[in-house]
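Comments concern the structure below.
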There are 2 protein chains.
Amino acid sequence: MLPDLEPVNRESTAAIIARQLREAIMTGSLPPGTQLGETELAARFEVSRGPLREAMQRLVSEGLLRSERHRGLFVIDLEPADVYDIYSARCAVERAAAMRLVRGGDRERVAGILADAVKDMAEADKQDDPAALTEADLRFHEALIEASGSRRLARMARTLLIETRMCLSALQGTYRKDYQDVDERVTEHNRIIQALRAGDEAKLLGLLEAHMDDAVQRLAPGTSLYSGPAPAAS
Amino acid sequence: MLPDLEPVNRESTAAIIARQLREAIMTGSLPPGTQLGETELAARFEVSRGPLREAMQRLVSEGLLRSERHRGLFVIDLEPADVYDIYSARCAVERAAAMRLVRGGDRERVAGILADAVKDMAEADKQDDPAALTEADLRFHEALIEASGSRRLARMARTLLIETRMCLSALQGTYRKDYQDVDERVTEHNRIIQALRAGDEAKLLGLLEAHMDDAVQRLAPGTSLYSGPAPAAS
DNA sequence: GGTCGTATGATTGTCAACAATCCGAGGAGT
DNA sequence: ACTCCTCGGATTGTTGACAATCATACGACC
């Protein structure tokens, strides 16, 4: 009779606060190493310390915060080895998502969504807006995962994409100088869409791997997904 | 001067409780769908509801608990589609771990650890102890991930292995009847070790995928990693 | 001068009480 | 018999207060 209406299930306070904290960490409002003072944050969110602590525990279990007992919670700081760690994990997750899509998803619909993100990337490039470009880039990958329909891959990817943005912020200086390659980045994404449309799984996965490897080589010169983790693996 | 002594960093109460809750969910002491009454659990852990709630929020963010506001927290219940979801995610994670190992790990040392787990599997088989066999099986995969040295892969795998055990418990009936294939399972694991020792990445990854696919086909007859997710993908 | 001990302030960890919401039983009305 | 309303018990959500721990500044002592 009525169109399928889903159960209400309102969001818990901890979930809302956790989301805002994630956003703050991702955008750099809470830079790596920052201590999260409970009193101050609780006042800012206009809640007591209870719900705030619950939210922070979520981020601890996601690996975005590190806890030192009786000392406080700190935003994790990324070491060089984390670049490889993050991107190899992303590669695994996005590979799996792509496989699901090719093997049983609505490829054409997804390709359209992805194409929108790439269009935004090109737009951001034309307007010389690096922040918007990064945002569109991440949205591309987020959409790819989302479209796979896997709750678990989505949850993993969410954290990994936040950490990716943290990497980019931390290495912003060295990132800018390679900025001329933005055309190539757009092309890479377009080729991925093309392979998805064609249903060419081998090519799609290969392009994804190469895409991740490119990023690793840009962010951590001298290392590569194909040459294995750095000696000081985390 | 002194041998490298690491910072103390004691475990938080929430972390301890969270670990015990995970254990209880994994072993089936808290079956899927169970509501976690705060008063009762807090009394059992001999803490107040505060730390307990913090611990439970961790499990919510890991996806092991689902939260219904003003109603309570429940152990997730696994639907048929989750089998594919879990195993495809596991496949991705373990693939990535295996790649790291082949490309930059101490293959021989790891192979030894894995061989121990397989030996325990064979032992459990001889004594007709299915619980011990499952435990050894999971320890094999846990060790594989652990040896990869990736914090992120390890975190993902921890949750996935718990969910794997939940699947096995839920489908225990249909699992037992295929029990004659235990030799084959041991052999599969041994072949994986062999490929790892040889450093044959392509073979290693292929064996891992096949291993996961076998499990999917056993647990959810008619579906396969290679044929794509079921229509009602979660 | 340098090191150790001590006190002080601030922060985190924990708890018990209060408020808000949900669920079920019971009864009135049709 | 069925529906709706209401009420009571139980559970969750939130808060402020208290205890424990940590970091820093200051002063005593060698």
Side-chain angles (χ1 to χ4, degrees), chain A residues 1-2 5-21 24-25 29-77, chain B residues 1-2 5-21 24-25 29-77:
Chain A
M1 106 176 25
L2 276 174
L5 41 158
E6 55 198 34
V8 295
N9 206 358
R10 285 155 293 188
E11 215 173 8
S12 78
T13 307
I16 298 171
I17 297 178
R19 180 151 35 81
Q20 298 207 36
L21 286 177
I25 292 175
S29 301
L30 293 173
T34 308
Q35 176 168 9
L36 279 71
E38 298 186 355
T39 311
E40 180 198 335
L41 276 178
R44 199 185 283 245
F45 286 119
E46 296 185 2
V47 294
S48 76
R49 287 172 46 218
L52 174 68
R53 284 174 61 93
E54 291 176 12
M56 295 196 300
Q57 289 299 320
R58 288 200 182 197
L59 298 208
V60 169
S61 100
E62 292 166 14
L64 294 175
L65 297 181
R66 115 185 97 84
S67 153
E68 296 186 14
R69 182 156 220 202
H70 290 294
R71 215 161 298 178
L73 296 173
F74 303 81
V75 179
I76 58 163
D77 29 19
Chain B
M1 108 179 19
L2 276 174
L5 40 159
E6 55 200 32
V8 293
N9 206 1
R10 285 154 293 190
E11 214 172 8
S12 79
T13 307
I16 298 172
I17 297 178
R19 178 150 37 80
Q20 298 207 34
L21 286 177
I25 293 175
S29 302
L30 293 173
T34 309
Q35 176 168 7
L36 280 70
E38 299 186 353
T39 310
E40 180 197 335
L41 276 178
R44 198 186 284 247
F45 286 119
E46 295 185 4
V47 295
S48 78
R49 286 172 48 219
L52 173 69
R53 283 174 61 93
E54 292 176 12
M56 294 196 300
Q57 289 299 320
R58 288 201 182 197
L59 298 208
V60 169
S61 100
E62 291 166 15
L64 293 175
L65 297 181
R66 109 185 103 84
S67 153
E68 296 187 13
R69 182 155 218 200
H70 291 293
R71 214 160 297 179
L73 296 173
F74 303 80
V75 179
I76 59 164
D77 29 21

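To find a chain, count down the sequence lines: A is the first, B the second, and so on, and within it residues start at 1. Given the structure is predicted, the values throughout are model-derived calculations rather than measurements. All values below come from the heavy atoms of this structure, side chains included, with hydrogens, waters and symmetry mates left out.
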What integer distance in Å separates A:Leu52:CG from D:dG16:C1'?
15 Å
Base, sugar-phosphate, or nothing for A:Arg69, non-hydrogen atoms under 4.0 angstrom?
sugar-phosphate
Is any side-chain N or O of B:Arg10 closer than 4.0 Å to OP1 or OP2 of D:dC22?
yes
Mind calculating the distance between CD (B:Glu68) and C1' (C:dC22) to the nearest angstrom?
12 Å
Short side-chain N/O contact to D:dT11 OP1/OP2 from B:Gln35, under 4.0 Å:
no
Check every strand shown and say whether B:Leu36 touches a base, only sugar-phosphate, or nothing at a heavy-atom separation below 4.0 Å.
sugar-phosphate
Between P on D:dT12 and CZ on B:Arg66, what's the gap in Å once rounded to a whole number?
14 Å
Name every donor-acceptor pair, under 3.5 Å, that has one atom in a side chain of residues 39-46 of chain A and the other anywhere in the protein, sequence neighbours excluded.
{"from": "A:Glu40", "atom 1": "OE2", "to": "A:Arg44", "atom 2": "NH2", "distance (Å)": "3.4"}

Hey, is the side chain of B:Thr39 poking within less than 4.0 Å of OP1 or OP2 on D:dA10, counting only N and O atoms?
no
Hey, does B:Leu59 have a side-chain heavy atom less than 4.5 Å from the side chain of B:Leu36?
no
Counting any heavy atom closer than 4.0 Å, what does B:Arg49 reach on the DNA or RNA strands: base, sugar-phosphate only, or nothing?
base
Consider the side chain of B:Pro51, meaning its heavy atoms from C-beta on, and name the nucleotide among D:dT15, C:dC15, D:dG13 that approaches it most closely.
C:dC15
Nearest to the A:Thr13 side chain among D:dG13, D:dT14, C:dT14, which nucleotide is it?
D:dT14
Would you indicate which nucleotide in C:dG13, C:dT12, C:dT21 comes nearest to any side-chain atom of B:His70?
C:dT21
Do A:Leu64 and A:Arg58 come close enough that some side-chain heavy atom pair is under 4.5 Å?
no
With a non-hydrogen cut-off below 4.0 angstrom, is B:Gly50 in contact with a base, only sugar-phosphate, or nothing?
nothing
Go through A:Leu65 and A:Val75 one step at a time and tell me if the side chain to side chain contact (heavy atoms under 4.5 Å, CB included) criterion holds.
CA-CA 5 Å; A:Leu65 297 181; A:Val75 179; 4.1 Å; yes
If you compare every side-chain N and O of B:Ser12 against the phosphate oxygens of C:dG13 (OP1, OP2), does one of them come in below 4.0 Å?
no
No-H, no-angle donor-acceptor pair, A:Arg71 side chain to C:dG13 base, under 3.5 Å:
no
Report the distance from atom CG of B:Leu41 to atom C1' of D:dT11, rounded to the nearest whole Å.
13 Å
Compare all side-chain heavy atoms of B:Ile17 with those of B:Met56 and state whether any distance is below 4.5 angstrom.
no
